[in-house]
Amino acid sequence: GRFVLSEADAAGGASPSSGQLGFDGEWLVVAFDDSPSDPDYFTVNFTDDILNISGPGEFDIDEDSSDDSGIIEFYFERS
């Protein structure tokens, strides 16, 4: 399905991204609209009421107009 993601920095600037989500076996596949032929693959784990989604990502962390590689981790806890 479709998604829209808005990343916000500490200064209040927002950077929206959109694309498609789907599954390829055990992998969550994220294809961003600006690079649909180069999808990102994320692992999905659910243990003890905690959903963890993790995988590679690129962000301009130091604001030098060049993306820096990193790891994206999302943790969701059922309450």
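Since we're looking at a predicted model, the values are computed, not measured. The analysis underlying the following values was restricted to heavy atoms, covering all of them including side chains, and did not include hydrogens, waters or symmetry mates.
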* To do: Under the side-chain contact (heavy atoms from CB on, under 4.5 Å) rule, what do Trp27 and Thr43 come out as? Steps first, then yes or no, please.
  => CA-CA 5 Å; Trp27 298 99; Thr43 60; 3.4 Å; yes
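- Note that CG of Leu21 and CZ of Phe32 are 8.5 Å apart. Values are rounded to the nearest 0.5 Å.
- Residues passing the side chain to side chain donor-acceptor pair (under 3.5 Å) test with Glu73, sequence neighbours excluded: Asn52, Tyr75.
- Shown here are the side chain to side chain donor-acceptor pair (under 3.5 Å) partners of Arg78, two or more places apart in sequence or in another chain: there are none.
- When the side chains of ILVMFWY residues are joined at heavy-atom separations under 4.5 Å, either directly or via intervening members, Val30 and Leu51 end up in a single hydrophobic cluster.
- Between Pro56 and Tyr41, the closest heavy-atom pair is CD-O, 3.5 Å.
- Tracing side-chain contacts under 4.5 Å through hydrophobic residues (I, L, V, M, F, W, Y), one never reaches Ile50 starting from Ile53; they form parts of separate clusters.
- Partners of Asp33 under the side chain to side chain donor-acceptor pair (under 3.5 Å) rule, at least two apart in sequence or in another chain, are Arg2, Ser18.
- Annotation for Phe23 and Val29: closest pair C-CG2, 4.4 Å, computed over non-hydrogen atoms.
- For the atom pair CG (Asp38) and CG (Asp40), the distance works out to 6.5 Å, reported to the nearest 0.5 Å.
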